Amino acid sequence: MAEITNRSEILFIYDVVRCNPNGDPLDSNRPRLDEATNRCLVTDVRLKRTIRDYLFDKGYNGEAGGKGDIFIRTEAVTGEQRSGVYADEKEFKTKFIDVRLFGGVSAVKGKNFQLTGPVQFSMGYSLNNIYKDNFIKGTGAFATKEGAEQKTFREEYNITYGLIAFHGTINENAAKKSGTTNEDIAELTEAIWNGTKGLLTRSKKGHMPRLLVKVDYKDSFFIGDLCQRLSMVLKDGKTMESLEDISDYFLDTKSLNEALKKYDDKIISISVIKDDRIELSETIPTK
């Protein structure tokens, strides 16, 4: 398998409609809203969970004849996170794709080691201002025994609309230590896009991937937080408070394209995946 020899940046944009992008368990599972900026926040842990779950379903499930395993994953029955079993540090890296991507820590007696993964994401945030979340009350029913039913009240929070941006980097030096390959990165980008689209639980349904840009560089160079080079331009009659759909605005990519053009001599390749519903002010070039 081909080793990673260059640094890369990832820009990932998705939107959410009437759902909870990332609930805060310490605040009644409300969406994380930054009071200073009025932006919705999504942790890198949430995005990594999406990626891990997609790869698990694809065959990285630890079964014989499968693709490998996931080190940090959620048990379907208990809902608790567990760590995979491994023999030594070499197997720790080769067996678990999420370790090769994100790194991992082992505190098992006789197996004390730590790997810093090459793939790191910053905190995701909405490009639009969100001034409040929506409080919803409802009822739920569940079986208590055969022929019997128990009903209860439920409360939940969501946001009407958010365009979420994530910035990530792939460090070729860390990749050498964790054994990350180009094949692993291909699986990563597939999982980012399809895993987000596949979030179909009741609290997460409403996620749609809109734009995924990966830039590969020469000489350990990278431009920097590509998210900050994007902005939303509202269409006539729309305000931040009234956003409900991706058709209410277009995404200004002029600043991003200027940066890509400025540093063209440092760039090996640019790959772009774009949903057909998102409107860009300028097409992002591929290379």
Side-chain angles (χ1 to χ4, degrees), residues 12-54 74-81 121-144 148-167 192-193 195-211 227 230-251 275 277-278:
F12 179 48
I13 306 290
Y14 66 95
D15 65 355
V16 295
V17 179
R18 295 180 180 84
C19 64
N20 187 347
N22 186 203
D24 185 349
L26 300 180
D27 188 18
S28 304
N29 207 44
R30 298 177 71 162
R32 302 169 192 264
L33 299 180
D34 188 326
E35 294 181 359
T37 63
N38 294 319
R39 303 293 178 94
C40 183
L41 303 177
V42 182
T43 66
D44 65 315
V45 175
R46 173 61 261 179
L47 179 58
K48 290 176 181 177
R49 178 78 273 144
T50 299
I51 294 166
R52 285 183 169 108
D53 288 347
Y54 178 85
T74 303
E75 288 292 300
V77 176
T78 64
E80 298 178 350
Q81 285 197 345
F121 293 102
S122 59
M123 177 82 75
Y125 59 90
S126 64
L127 296 179
N128 58 307
N129 300 106
I130 297 170
Y131 296 98
K132 68 180 183 68
D133 50 23
N134 305 316
F135 178 55
I136 301 171
K137 292 184 177 181
T139 59
F142 56 91
T144 56
E149 184 181 82
Q150 180 71 41
K151 292 186 177 181
T152 185
F153 291 100
R154 61 178 174 82
E155 299 177 348
E156 62 187 66
Y157 297 85
N158 66 29
I159 62 174
T160 302
Y161 186 85
L163 185 69
I164 310 295
F166 264 100
H167 174 259
I192 291 173
W193 189 270
T196 300
K197 192 173 184 177
L199 290 172
L200 299 177
T201 62
R202 186 171 60 82
S203 65
K204 290 292 182 288
K205 189 177 185 303
H207 284 60
M208 278 297 291
R210 300 301 186 183
L211 183 67
C227 300
L230 298 173
S231 60
M232 297 172 68
V233 180
L234 304 182
K235 295 184 177 179
D236 291 344
K238 286 297 177 179
T239 64
M240 286 292 182
E241 294 92 331
S242 67
L243 287 181
E244 293 185 334
D245 186 73
I246 196 169
S247 61
D248 294 337
Y249 62 89
F250 67 84
L251 194 61
D275 178 73
R277 289 201 66 209
I278 191 168

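These numbers come from a predicted model, not from an experiment.
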More than 12 heavy atoms of other groups within 6.0 Å of Lys197 NZ
no
Please step through side chain to side chain contact (heavy atoms under 4.5 Å, CB included) for the pair Ile192 and Ile51, ending with a clear verdict.
CA-CA 6 Å; Ile192 291 173; Ile51 294 166; 3.7 Å; yes
Where do Leu41 and Asn22 come nearest, in terms of heavy atoms and distance?
O-CB, 4.1 Å
Look at the rings of Phe135 and Tyr157 and say which category their plane angle falls in: under 30° parallel, 30 to 60° tilted, over 60° perpendicular.
tilted
For atom NZ of Lys137, is the number of surrounding heavy atoms from other residues, nucleotides or ligands below 6.0 Å larger than 12?
no
Rounded to the nearest 0.5 Å, how far does CG of Asn158 lie from CZ of Arg30?
11.5 Å
Got a donor-acceptor contact below 3.5 angstrom from the Asp248 side chain to the Asp245 backbone?
yes
Shortest non-hydrogen separation from Pro21 to Val42 and the atoms involved
CB-CG2, 3.8 Å
Is the shortest heavy-atom distance from the side chain of Tyr131 to the side chain of Met240 under 4.5 Å?
yes
For Asn20, what residues pass the side-chain hydrogen bond (donor to acceptor under 3.5 Å, both in side chains) criterion, not counting sequence neighbours?
none
Point-to-point distance, once rounded to the nearest 0.5 Å, from CD1 of Ile136 to CD of Glu155:
11.0 Å
Hey, does Lys205 have a side-chain heavy atom less than 4.5 Å from the side chain of Cys19?
no
Rounding to 0.5 Å, atoms CH2 (Trp193) and CZ (Phe12) come to a distance of 6.5 Å
Atom OH in Tyr54, atom OG1 in Thr196: separation rounded to 0.5 Å?
11.0 Å
Please answer whether the main-chain N or O of Tyr161 pairs with a side-chain N or O of Asn128 as donor and acceptor at a distance below 3.5 Å.
yes
Take Ser126 and Leu163, measure what side chain to side chain contact (heavy atoms under 4.5 Å, CB included) needs, and give me the verdict at the end.
CA-CA 5 Å; Ser126 64; Leu163 185 69; 5.9 Å; no
Leu127 CG to Ile164 CD1 distance, which is reported to the nearest 0.5 Å:
8.0 Å
Short N-O contact, Asp34 and Arg39, less than 4.0 angstrom:
no
Glu244 versus Arg18: any side-chain heavy-atom pair under 4.5 Å?
yes
Distance-minimising heavy-atom pair for Leu243 and Tyr249
CD2-CD2, 4.2 Å
What one should report as the nearest heavy-atom pair of Asn134 and Lys132 is OD1-NZ, 3.4 Å
How long is the straight-line distance from CE of Met208 back to CG of Leu199, given to the nearest 0.5 Å?
11.5 Å
If you compare all heavy atoms of Thr37 against all heavy atoms of Asn129, which two are closest, and at what distance to 0.1 Å?
O-ND2, 3.0 Å
Distance-minimising heavy-atom pair for Tyr14 and His207
CE1-CD2, 3.5 Å
